[in-house]
Amino acid sequence: NIDGQQVTSDYGSGGQPRYSQDSIAEFQYVSNRFDATQGRSTAVQVNIITRSGTNLFSGLLRTNFRHDSFNSENRVLNLVEPINNQQFSSAVGGPLLRDRVHFFVNYEYEREPLTAIWRTPYPSFNVALDGKKNQKKGGGRVDYQLSSATRVMGKVSAGQLWEPFGAPMAVNHPAATATTDEHNREYLGQLTQVLNNHTVNEIRVGRTSFGYANQNLTSWSNHWARDRGITTGSPRITFTGFLVTGNPNFPRYSDYWVSSVRDDFTYSFNAKGRHDLRTGGEYLYRESKSQNCRQCMGAIDARGGPLPANLEALFPDPFNVDTWNLAALSPIVRSYTVSTGNYRVSQDWHKIAAWAQDDWQLMD
């Protein structure tokens, strides 16, 4: 939860939203005994408060780096793997109107040049790929003190990860590698009112989104589902002693959005001790759209005989399936499995919660 807004992706696949550490003022890690105001977790709760501006203009500029000149040789590849990473982070905050309106903005960028080198028993499959992985994270926040008892806060944040390919599988065909794109967006408004010396009420309205997309690097213009826009990927082929293992779910994408409204009411009083009574409610509406091309590439079991002696000639371009001679595998093919459908799923659902808790500290 960031500033009281749930941001966790609960898809079960893909990653999680990303935030710059320089946007975080405080965090709390709760491993057990969650109070009644927190739920929907079977493990831990992490609560984060983001930074806000003050009456003093301040900022930061930070950079970190890694370089292969500090590394030793990889004893498997017999070379020093190229590493040249840079991370830049910046933030600034201050008053827009002294004692009343304050702002805070931040931006972080990280780039990591990548090199992937395959080492299979077949020289023509031992390709090398170069690209740049990058992450971008940023956000902004404005706090407005309307009066001594009323405060308004609004903020936005975003993050994105791009990976041009995955790590090589040393003994498998390079068609297994794929791109990764993940992104998150958050919007939140908060109204805090001190009603009297004993009572505080907070209302939050927000919207979050998270999504990811994966796509194999192999092109396949003659894919049987090309009329549905699928022109990447390759058949999964299992030979005796060698694999062509593109991810059976790619290409895939998934995006979801969660709109939320939450009210937290706190009342403190003394009655045979100190009582902090907290009650409230929350409503979340989630929408999701996804496409998971499960087994749409087809799976070929080619273990009906030994590996073809001319295996490399059957796959002249590792990343262009149109050049592969799949018909020549017929004598050793035991089965071929392929799925059909549009692979698209749309879902939406509602979540409602209410809670009440009294923290009672007995008198000595």
Side-chain angles (χ1 to χ4, degrees), residues 12-14 114 116-131 162-182 212-254 290-345:
S13 55
L114 300 178
I117 303 171
W118 274 258
R119 285 291 184 266
T120 73
Y122 303 97
S124 64
F125 299 157
N126 295 335
V127 299
L129 297 178
D130 295 298
W162 165 254
E163 291 184 346
F165 48 79
M169 299 290 290
V171 297
N172 293 347
H173 189 277
T177 193
T179 64
T180 298
D181 181 6
E182 296 181 356
Y212 61 85
N214 303 101
Q215 184 168 283
N216 291 98
L217 294 189
T218 46
S219 62
W220 191 1
S221 64
N222 291 320
H223 193 290
W224 70 269
R226 60 185 178 275
D227 60 327
R228 298 171 193 175
I230 299 175
T231 57
T232 62
S234 67
R236 289 174 60 88
I237 308 173
T238 304
F239 293 102
T240 302
F242 191 70
L243 300 173
V244 180
T245 53
N247 191 299
N249 299 307
F250 295 174
R252 71 175 178 180
Y253 74 85
S254 198
S290 63
Q291 175 178 286
N292 189 324
C293 191
R294 185 167 179 80
Q295 293 291 6
C296 74
M297 300 300 156
I300 299 173
D301 183 341
R303 292 175 293 179
L307 270 169
N310 63 338
L311 185 67
E312 292 176 272
L314 301 180
F315 301 85
D317 184 341
F319 296 110
N320 186 350
V321 181
D322 295 329
T323 68
W324 296 5
N325 187 357
L326 299 176
L329 304 178
S330 297
I332 60 172
V333 170
R334 301 194 303 183
S335 66
Y336 174 65
T337 305
V338 67
S339 68
T340 61
N342 63 18
Y343 311 107
R344 294 186 177 91
V345 177

Q) Looking only at atom types and distance, does a side-chain atom of Asn126 sit under 3.5 Å from a main-chain N or O of Thr120, one as donor and one as acceptor? A) yes

**Q.** Distance, nearest 0.5 Å, that separates CD of Gln291 from CG of Asn342
**A.** 8.0 Å

(Q) As an exercise, state the distance from CH2 of Trp220 to CZ of Phe319, rounded to the nearest 0.5 Å. (A) 16.0 Å

(Q) One pair to check against side-chain contact (heavy atoms from CB on, under 4.5 Å): Asn292 and Tyr343. What are the steps and the verdict? (A) CA-CA 5 Å; Asn292 189 324; Tyr343 311 107; 5.7 Å; no

Q. Any idea which heavy atoms bring Ala175 and Trp324 closest together, and the distance?
A. CB-CH2, 4.0 Å

Q | Student check: side-chain heavy atoms of His173 and Pro318 closer than 4.5 Å | A | yes

Q | Non-hydrogen atoms of Leu329 and Pro308 that approach each other most closely | A | CD2-CG, 4.2 Å

Q: Find the distance between CG (Leu114) and CG (Leu129) and round it off to the nearest 0.5 Å.
A: 10.0 Å

Q | Interatomic spacing from CD in Gln215 to SG in Cys293 - rounded to 0.5 Å | A | 10.5 Å

**Q.** Thr218 side chain vs Gly233 backbone, donor-acceptor pair below 3.5 Å
**A.** yes

(Q) Which residues pass the ring pair (Phe, Tyr, Trp, His ring centres under 6.0 Å) test with Phe239, not counting sequence neighbours? (A) none

Q: Measure from the ring center of Tyr122 to the ring center of Phe242 and say whether it is less than 6.0 Å.
A: yes

Q: Determine the minimum heavy-atom distance between Leu314 and Ala328, stating which atoms define it.
A: CD2-CB, 3.7 Å

Q) Side chain of Ser339, backbone of Arg294: donor and acceptor closer than 3.5 Å? A) yes

(Q) I need the full list of side chain to side chain donor-acceptor pair (under 3.5 Å) pairs touching residues 311-321, with sequence neighbours left out, sorted by first then second residue. (A) Ser124-Glu312

Q. Roughly how far, to the nearest 0.5 Å, is OG1 of Thr177 from CZ of Phe250?
A. 9.5 Å

**Q.** Worked verdict on Ile237 versus Leu326 for side-chain contact (heavy atoms from CB on, under 4.5 Å)
**A.** CA-CA 10 Å; Ile237 308 173; Leu326 299 176; 3.9 Å; yes

Q: Would you sort out whether Phe315 and Phe125 count as a side-chain contact (heavy atoms from CB on, under 4.5 Å), showing the intermediate values?
A: CA-CA 9 Å; Phe315 301 85; Phe125 299 157; 3.9 Å; yes

**Q.** Residue pairs fulfilling salt bridge (Lys or Arg N to Asp or Glu O under 4.0 Å) with at least one residue in residues 332-343, sequence neighbours excluded
**A.** Asp301-Arg334

**Q.** By side chain to side chain donor-acceptor pair (under 3.5 Å) - contacts of Tyr253 (at least two apart)
**A.** none

Q: Measure across Asn247 and Asn216 and return the closest heavy-atom pair with its distance rounded to 0.1 Å.
A: N-ND2, 3.9 Å

Q: Over all heavy atoms of both residues, which pair between Ile117 and Ala128 is shortest? Give the atoms and the distance, please.
A: CG1-CB, 4.2 Å

Q | Residue list, salt bridge (charged side-chain N to carboxylate O under 4.0 Å, His left out) with Arg344, at least two apart or on another chain | A | none

Q. Is any side-chain heavy atom of Val244 less than 4.5 Å from a side-chain heavy atom of Pro235?
A. no

Q. If you measure from CG on Asn214 to CD on Glu182, what distance do you get to the nearest 0.5 Å?
A. 7.5 Å

Q.
With side chain to side chain donor-acceptor pair (under 3.5 Å) as the rule and sequence neighbours excluded, what pairs involving residues 222-234 come up?
A. Asn222-Asp322

**Q.** Closest non-hydrogen atom pair between Trp118 and Pro168, with its separation
**A.** CE2-CB, 3.4 Å

Q | Backbone N/O of Thr240 and side chain of Arg303: donor-acceptor pair under 3.5 Å | A | no

(Q) Under the criterion side-chain contact (heavy atoms from CB on, under 4.5 Å), I'd like the reasoning laid out for Ile230 against Met297: C-alpha separation, chi angles, the key distance, then a yes or no. (A) CA-CA 10 Å; Ile230 299 175; Met297 300 300 156; 4.0 Å; yes

